[in-house]
Every structure is written in C-alpha cells, then in structure tokens.
Number of protein chains: 2
Amino acid sequence: MAEPKDSFTAAACAADAVPPLWERLESAPRSGRATLTHTRIAEAAVALADAEGLEALSMRRLAIELGVATMALYRYVVSKDELLELMIDAVVEPDALTADPADWRAVFREIGLRRRRTALAHPWLIAAQAQVPSLLTPARNEVAERMIGALEPLPLTGDQKMQFIRVVDAFTNGAAGAEVNRRMMMRRRGHGADGDVRLLLRESMRWLLRSGRYPRMAKLVQEGLAPVDSAAEFELGLAAVLDGLAARFGV
Amino acid sequence: MAEPKDSFTAAACAADAVPPLWERLESAPRSGRATLTHTRIAEAAVALADAEGLEALSMRRLAIELGVATMALYRYVVSKDELLELMIDAVVEPDALTADPADWRAVFREIGLRRRRTALAHPWLIAAQAQVPSLLTPARNEVAERMIGALEPLPLTGDQKMQFIRVVDAFTNGAAGAEVNRRMMMRRRGHGADGDVRLLLRESMRWLLRSGRYPRMAKLVQEGLAPVDSAAEFELGLAAVLDGLAARFGV
DNA sequence: AGGGCTAGCGTACACTGTACACATGGCTGA
DNA sequence: TCAGCCATGTGTACAGTGTACGCTAGCCCT
C-alpha cells in the first residue's frame, strides 16, 4: 500500500523517501485555498535574513512574519535546510544578460560581478551555502547554462568547459565570501560596514604587530597601505582568473 | 573599582569589553591547578567535529568529552563563536615549508595545496569560517607572513602584495569549499564521499535534464563527462590564478 | 595560618527544530 | 445539491541548544 509505486522513484527513494524539493515544486497540485506558497515563504525568509541576519531566522519567527502557525511551513519544506535551499535559489537572479552572448569574457565578467552584488546584498548567502550543500538549484543551473553557452564556440572539450566554470565559480564565491566576512567583522566592531578596513587592522592587530612575530606584515602596515577597493580587487582577480584559464586552455 | 585600568585598553574596550581572545591567550596566568587549557579544548572540539560533524558539536557534548561541567568551558571562551575561532586557528598548520622560500610560485602552490588538504581533512572548516568572521588568527597570520616573504623580492607595492595574497586566498577557499560541498552531498546520499560525482548528477539531475530547460547542460552530460579529478582541477585553477596575477602585475 | 582569587559546578531560562494528532474548508463525484 | 475527502493549517509536546548567575573548593601569596 505504501510501497514505492513505479520504477521511476525506485532508486532515488531508497535514500530520499521524499522527492527532492525541486521536483515537488513543479507538479504541485496546491489546489485548495492555499494561503502559503513556496515563493511567498522564500521571499519572507529572505527579507527576514536580510534585515536581521541568518541567526534571527527561525521557523517560529518566520511563521509569525507570515501570519501562520509554525508547523504550517513544514507542509512546504521538509526541514529548515530545505528552507535555506529555497532562499539560496530565490536570490539568484538569472535575468537576461546585457553582455553579448558571443563574447565569453564579457559573459563571465557580468555573471561574476552580479554574483558579487548578490552576495553583498544578502550577506547570509555564503554562510547558508556552506551550511547546506546545494549545488544544482534551478536558478543556478540556469546561470550555468548561460556560461556553457558562452563557451560553446570555443574549441574545448565538455570536461574542459566544466572545469572552466568550476574554477571561475570557486574564485567568485571565495572572493565574495571574504568580502562579506570583512564587512560583518567591521559591523560587529564599531565601524560601519563600508568603512576602511585599515581601521580594523590597526585596532585589532596592534598587539599582533607589537608582538614582534609577523615582522613583514608589520612592515607593510607601517609603510602605509591604501584603502582597499573591494570592487576593483574583485575585477582584478576575476580578470586574472579568466586570463590564466584562457592561456592554459589556449583560447 | 571596576573601571578600565590603563590607556592600553581604552579604545578596544569601548567595543569589546573583553580583550579579544588572542590577547587573553598570551598573558594568561592560569596559575591554579587548571585541568583545562585552550589547547586541550580546541583539540577536543576539533576531534569531535571531525568525527561527528559541526552540528554535533555542542557545549554540553564537548564538556562531557572533556570530563568537565558545561560551564567550565566558558572560563576559557566567551561564546561558542570564540570556540569556533579557536578551532579554526588550531587546524591551520604553518609548519616549515618544504618549498624554496625564494621561489614564490612554489611557495604559493604549497600553501594552496596544504590549505586544500586541511579543508578536506576538516570538512567543517569552511562552514565555520563563513559562520564566524575571523580573519587574522595567529596561525593564519603566520601563513600570510610566509606569503609576504615569498613576494618580497618582486617589484610590487605593498598594496599589490596584499591584493595578490587575497586573490589567491579567495580562489583557494572557494575551491576547497566547493569540493567539501560536493563530498558532503555525496555522503548525504548513498555514495561514499570519494565516489564519482557523475552518479550524483545522473541521479538528481535526471528530472532537470528531462525537463528540457538546460539543453546545453543536458547535451554535455549525454556526450559523456570524465570523472572529476578534484586534485588536478585544484592545481589547474591555482596555476591559472598565479599565471593571471603574475601577468597582470608584470612579474 | 589565613585571606583572596579563580577554576570548575549546578541550576535555570528562553529559545530552537520538528514529531504527531487534530481541525477545517474547498473541490470533487454523485 | 450535497456528502465526503484530502490537503492545508493548527496546537501541543519534547529533546536539545547557548549561556547568565551564584555557589564551592582548592591553590597561592603574604
């Protein structure tokens, strides 16, 4: 009576027991007067996390925000982790690219910059991704699709294209994550999030420098460092990665 | 009676009220028969997180593991976040480098590879770093010191050296994080952590591909992809980043 | 020998994610 | 038109979390 119905689910159900969220999302009857929606939930959760941080996002709080009982959420989401997946997917905006789709450098640049903007606009993003392994959400796949498209005309094997994309993604996520970290640290201390990182350094590294270990770093700091221009640095890094990959792949 | 004692703490205490952990660590009297140590705590926490995952690491559980009351830990750590900082610092091993210190490429390669190994050996590392903004821990500073040293002979400004290091770090963290994510996902499903990623793809992307969106990705998958060699891919990416940066900086 | 400082203890509180049983209202087939 | 069903939303309960607070007991120095 309750056994798997057909061969389709046979393999997956062994581990999952419930179809994996994105599959449920599509063929949802959601017939009766439903006050909730996956979209509505995701948007409320995103808004809450944006406003008060990921640590303020609890199922109870989110339910209140939606004017609904806590457990109502679990009709749409199997666990809080799935809620995070929903949020992660929700903030990726695979809008039409303005870059010339034939110019692969321009496409990768645009996608990279957009990702940085997204991560800065939703500082919980990177932490959430680290907490809930969730590659292959629909929106991210759509972005991947664009990237593959941009590489199409190049003489690369399928494996090389995937490597290319993964390496660029790695830099992008890493750089965005580092920047978010710096901002959160600044905010946690007194200074506003977009202040000068050097204040942070001066202050909390004073004893490090004074300690005499790290002489080279001390020298650099004392010689004077310019304020960090994160946007420019991101572009520099991205360009370097693209250069390096292009050279290695001979394109 | 309880006011700040001297000018040293004046600025920092405004925001912190307690000296920032690393400072406390050094000048600790810890005179009386102390059964606990920062080191002992950090090691036990790391062992626990390694064995059972970051979500199994609770103050109660850790205290039991150490044969001590829960609140005893708070004599050494102001909050769980500080515990995480301790752990993050503990797993970085700035051992003597085997690479020729004058060969900056070799140094960066070695440090990058070591970081990857560390992240894979302690899969909670990246998530913990995303959760607790904690650049500038002593061990990481020591590594930074090495990197600065390697760049010393090059004709770069201080700012350029810092940019160089930050960009490489961004890629390193991003790539390691992605790899850890993949592994955790594989383990969460049935397959062992070091299995073939293609299994994961085949299985959980079946409906994605069948849906007809993502035609390009479907084509790539159907044309057949080789198993992913993560180690080689990491080296490729790292080399590309170093190439790209070197070219941009003209070194 | 005694006083004080401090490492460690125990309890208590507000809060978390979620399992489970129950109510209810809109759609469906007759 | 109306019965009945089932998905949607509700309420309560439980084990477990981080940590504030006040207490005890032993080491160190005078």
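Numbered from 1 within each chain, the chains take letters A, B, ... in sequence-line order. As a basis for the values below, the full set of heavy atoms in this structure was taken, side chains included, without hydrogen atoms, waters or symmetry mates. Keep in mind that this is a model prediction, so the values were computed, not measured.
- Following rounding to the nearest Å, Lys80(A) (NZ) and dT16(C) (C1') show an atom-to-atom distance of 8 Å.
- Nucleotide dT18(C) holds its P atom 12 Å from the CG atom of Leu57(A), rounded to whole Å.
- Residue Arg61(A) is the one, among Met71(A) and Arg61(A), whose nearest nucleotide of DNA chain C lies closer to the 5' end (criterion: closest heavy atom).
- To the nearest angstrom, P of dG18(D) lies 11 Å from CG of Asp81(B).
- Looking at Met162(A) and Val228(B), their side chains never come closer than 4.5 Å, going by heavy atoms from C-beta outward.
- Between the P atom of dA7(D) and the CZ atom of Arg24(A) lies a distance of 14 Å, rounded to the nearest Å.
- Among residues at least two apart or in separate chains, salt bridge (charged side-chain N to carboxylate O under 4.0 Å, His left out) pairs with a member in residues 119-147 of chain B are Arg140(B)-Asp169(B).
- In this structure, Ser79(A) reaches the sugar-phosphate backbone alone: every heavy-atom distance under 4.0 Å involves primed, P, OP1 or OP2 atoms, never a base.
- In this pair, Phe171(A) and Phe234(A) present their aromatic rings tilted. The plane angle is within the 30 to 60° band.
- Proximity note for Leu36(A) (side chain, C-beta onward) versus dC9(C), dG17(C), dG9(D): the nearest is dG9(D).
- For residues 53-65 of chain A, every residue pair satisfying the salt bridge (charged side-chain N to carboxylate O under 4.0 Å, His left out) rule, not counting sequence neighbours, is listed here: Glu52(A)-Arg61(A), Arg61(A)-Glu65(A).
- Of the candidate nucleotides dC9(C), dG17(C), dT10(D), dG17(C) has the atom lying nearest to any side-chain atom of Ser58(A).
- Regarding Tyr74(B), its OH atom lies at a distance of 6 Å from the P atom of dG18(D), rounded to whole Å.
- As a whole-Å value, the separation of Gln131(B) CD from dG18(D) C1' is 12 Å.
- Contact check for Ile126(B) versus Asn181(B): no side-chain heavy atoms found under the 4.5 Å cut-off.
- Between Tyr76(A) and dG9(D) there is a side-chain polar atom (N or O) within less than 4.0 angstrom of OP1 or OP2.
- Look at CD on Glu55(B): it is 12 Å from P on dT18(C), rounded to the nearest Å.
- Checking dC23(D), dG17(C), dT10(D) against every side-chain atom of Arg75(B), the shortest atom distance belongs to dC23(D).
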Original post:
Could you write out DNA chain C as a dot-bracket string, with dots for unpaired bases, | for bases paired across to another strand, and Watson-Crick or G-U pairs counted at under 3.5 Å?
Top reply: ||||||||||||||||||||||||||||||
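- Between Gly67(A) and Arg60(B), it is Gly67(A) whose nearest contact on DNA chain D lies nearer the 5' terminus.
- Pairing each heavy atom of Thr35(B) with each of Arg40(B), the nearest pair is O-NE, 3.1 Å.
- One interatomic measurement links the two molecules: CD1 of Ile41(B) to C1' of dG8(C), which rounds to 11 Å at whole-angstrom precision.
- Side-chain N/O atoms of Thr70(B) include none lying less than 4.0 angstrom from OP1 or OP2 on dT19(D).
- Looking at every heavy atom in both residues, Asp89(B) comes nearest to Ala139(B) through OD1-N, 2.8 Å.
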